[in-house]
Protein chains: 2
Amino acid sequence: MDINSEKSMEQTILETAEQMFLERGFAATSTTQIAKSVGCNQALIHYYFRTKENLFNSIFESKFKLLFQRVFDTTQLENLSFTDKIKHIVETHFDILSENPKMPMLILNELSRQPEQLKILKERLHALPEKLISIMSKELETEIAAGKVKNCSFIDIMFTIVSLNLALFTMLPIAVNVAELNDIQLKFLLAHRRAENVNIVLSYLRP
Amino acid sequence: MDINSEKSMEQTILETAEQMFLERGFAATSTTQIAKSVGCNQALIHYYFRTKENLFNSIFESKFKLLFQRVFDTTQLENLSFTDKIKHIVETHFDILSENPKMPMLILNELSRQPEQLKILKERLHALPEKLISIMSKELETEIAAGKVKNCSFIDIMFTIVSLNLALFTMLPIAVNVAELNDIQLKFLLAHRRAENVNIVLSYLRP
DNA sequence: AGTTAGTTTAATAAGTCTATTAATAATGTG
DNA sequence: CACATTATTAATAGACTTATTAAACTAACT
């Protein structure tokens with residue numbers, strides 16, 4: 001009897017709902033379906049979270065914050081050259097998305113749908129990227145001045161990194177279907193694009 | 001009295017529905033809402049298209065085909081150098097998305113939701129990219145052999161182009177909100193990223 | 001004017017969805 | 001043990017959905 005088998009109903013609902021929201025999105029997931037999947041009465045969902053929106057937001061906000069924190073974590077960057085820092089950022093971002101491949105679509109869909117939620121997140125998290133941006137921007141200037149890196153802004157670099165990594169995971173379900181990839185081929189594609197995305201960004205930085 | 005003011009009801013429904021599907025997606029758009037927006041009875045939607053799925057698919061398929069054709073059109077590429085061909089492809093793809101900024105999200109959402117529809121489109125359109133791919137792959141080989149371009153596959157180049165352009169438009173609603181961009185700033189961002197995406201791909205190709 | 005084909009509407013069936021309420025079961029506490 | 005709190009269920013209200021049916025309206029042709 002693991003202590004986890006006594007997992008609270010509230011926690012089970014949260015975890016089940018998260019999977020279902022990731023799989024089908026907010027609109028296409030009903031509290032009835034969640035309850036059925038959890039194996040409890042539908043009213044219980046509303047007992048714990050009152051509204052479906054509440055349930056969604058509490059899941060979404062914590063998950064988003066968690067991922068956001070990891071993306072902007074600077075502790076692993078110390079003692080790395082500028083190029084290696086960039087490489088590390090691309091790879092870390094890629095790996096976080098790898099572990100949460102359905103999150104990009106959910107974020108894009110639900111933050112476009114709920115601009116209020118976006119404002120809340122923005123206010124709550126705006127301080128997080130600052131450290132990374134300040135460190136990298138300063139170092140980028142030095143590199144540019146030394147002629148080691150092409151003249152560009154760190155924001156543009158970030159934009160490029162996020163674009164390359166994000167797009168891969170938003171297109172993945174379609175790509176897998178079109179190319180009829182099996183698990184091994186999928187794994188290969190991911191490893192290949194992970195390396196390629198690093199290459200692309202580093203090529204872009206060459207003066 | 002323009003002859004267009006006598007636009008058929010069927011056409012009006014198609015056009016209105018297209019806008020609403022683009023704006024809110026399939027699940028969040030009801031035939032009731034479409035009818036209301038068109039200004040007709042809700043049963044009329046079903047009279048012309050029988051099901052909501054039918055209506056959606058006939059809009060989606062024709063639109064998708066149209067865009068797909070433009071992306072893989074090769075007529076404008078003749079007499080251009082390899083580098084200029086790549087530049088032209090990136091810019092054309094970007095411009096097509098610019099004119100249809102909401103299509104990327106709709107495609108990503110609905111093709112993931114409807115794998116059958118994806119198979120139909122795949123069978124119907126698989127011949128279209130062939131010409132472009134064959135031309136470009138051949139030329140790419142020559143360039144690589146001459147040491148003018150880094151060793152890579154055309155599929156990888158395509159993947160990169162689509163990623164960079166697609167991601168911009170999927171992130172755009174969020175970016176505009178977060179950065180609180182006005183129309184002029186938005187226009188500037190788009191022009192800037194259009195040029196930047198070309199730069200990124202061309203940098204990547206440098207040996 | 002009368003018939004017909006095509007268009008549009010009103011009414012409604014059958015189902016799902018969110019959310020609430022009241023009743024019951026389980027658990028903890030003095 | 002008795003009481004209070006918490007968890008869970010059944011039942012249901014009320015709104016909204018897709019889709020169908022039959023009736024009404026419109027325009028064209030004979």
Side-chain angles (χ1 to χ4, degrees), chain A residues 1-61 106 109-110 112-117, chain B residues 1-61 106 109-110 112-117:
Chain A
M1 304 287 161
D2 194 56
I3 212 162
N4 288 327
S5 68
E6 295 276 336
K7 200 185 293 179
S8 76
M9 191 87 274
E10 191 176 353
Q11 193 57 29
T12 309
I13 291 170
L14 280 168
E15 288 169 17
T16 307
E18 179 176 327
Q19 287 314 308
M20 296 183 75
F21 284 136
L22 282 167
E23 206 64 44
R24 318 153 179 240
F26 179 81
T29 306
S30 72
T31 54
T32 314
Q33 289 172 323
I34 295 170
K36 197 175 169 187
S37 177
V38 167
C40 72
N41 191 284
Q42 180 258 349
L44 202 58
I45 313 282
H46 293 273
Y47 169 72
Y48 280 116
F49 304 96
R50 205 167 50 79
T51 68
K52 178 182 159 186
E53 196 94 25
N54 264 356
L55 170 61
F56 180 82
N57 286 345
S58 49
I59 293 169
F60 187 76
E61 216 173 299
L106 193 67
N109 275 312
E110 303 313 329
S112 304
R113 190 181 57 85
Q114 271 193 311
E116 322 116 40
Q117 189 67 9
Chain B
M1 304 286 163
D2 194 52
I3 211 162
N4 289 327
S5 69
E6 295 275 339
K7 201 185 295 181
S8 76
M9 190 87 277
E10 190 175 354
Q11 194 56 30
T12 310
I13 291 170
L14 280 168
E15 288 168 18
T16 308
E18 178 176 327
Q19 287 315 306
M20 296 183 76
F21 285 136
L22 282 167
E23 206 64 44
R24 318 154 181 239
F26 178 81
T29 306
S30 72
T31 54
T32 315
Q33 288 172 323
I34 296 169
K36 197 175 169 187
S37 178
V38 168
C40 71
N41 190 285
Q42 180 258 349
L44 201 58
I45 314 281
H46 292 273
Y47 169 73
Y48 280 116
F49 303 96
R50 205 167 52 78
T51 68
K52 178 182 159 187
E53 196 94 25
N54 264 355
L55 169 62
F56 180 82
N57 287 346
S58 48
I59 293 169
F60 187 76
E61 216 172 301
L106 193 67
N109 275 313
E110 304 313 330
S112 305
R113 189 181 59 85
Q114 270 193 314
E116 322 115 41
Q117 188 68 10

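Just so we're on the same page: letters track the sequence lines, and every chain starts at 1.
Here the P atom of nucleotide C:dA26 and the CD atom of A:E10 are 20 Å apart, to the nearest Å. Across the protein-nucleic acid pair, A:L44 atom CG and D:dT9 atom P stand 6 Å apart, rounded to whole Å. Between the CD1 atom of B:I34 and the C1' atom of C:dT8 there is a distance of 17 Å, rounded to whole Å. Atom pair B:F26:CZ and D:dT18:P shows a separation of 8 Å (rounding to whole Å applied). Regarding A:H46, its NE2 atom lies at a distance of 14 Å from the C1' atom of D:dT9, rounded to whole Å. Rounded to whole angstrom, the span from the CD atom of A:Q42 across to the P atom of C:dA19 amounts to 9 Å. One atom, CD1 of A:I45, and another, P of C:dT18, lie 10 Å apart when rounded to the nearest Å. For A:N41 and C:dA23, the CG to P distance is 16 Å, given to the nearest whole Å.
Residue A:Y47 has its side chain nearest to D:dA7 when only C:dA10, C:dT20, D:dA7 are considered. Comparing D:dA10, D:dT17, D:dT20 against the side chain of B:S30 picks out D:dT17 as the nearest. Proximity note for A:M9 (side chain, C-beta onward) versus C:dT20, D:dT20, D:dT8: the nearest is D:dT8.
Contacts of A:Y48 with the nucleic acid, taken as non-hydrogen atoms under 4.0 Å apart, involve only primed sugar atoms and P, OP1 or OP2. Residue A:T32 is in base contact, counting any heavy-atom pair closer than 4.0 Å across all strands shown.
No side-chain donor from either of B:Q19 and B:E15 sits under 3.5 Å from a side-chain acceptor of the other.
Residues B:H46 and B:K52 come closest through the heavy atom pair CE1-N, 4.4 Å. Among all heavy-atom pairs drawn from B:C40 and B:M9, the shortest one is CB-SD, 4.1 Å.
Between A:T51 and B:C40, the residue anchored closer to the 5' end of DNA chain C is B:C40, taking for each the nucleotide with the nearest heavy atom.
Rounded to the nearest 0.5 Å, atoms CG (B:L106) and CZ (B:R24) are 13.5 Å apart. Taking CZ of B:F26 as the reference point, atom CD of B:Q114 lies at 7.0 Å (rounded to 0.5 Å).
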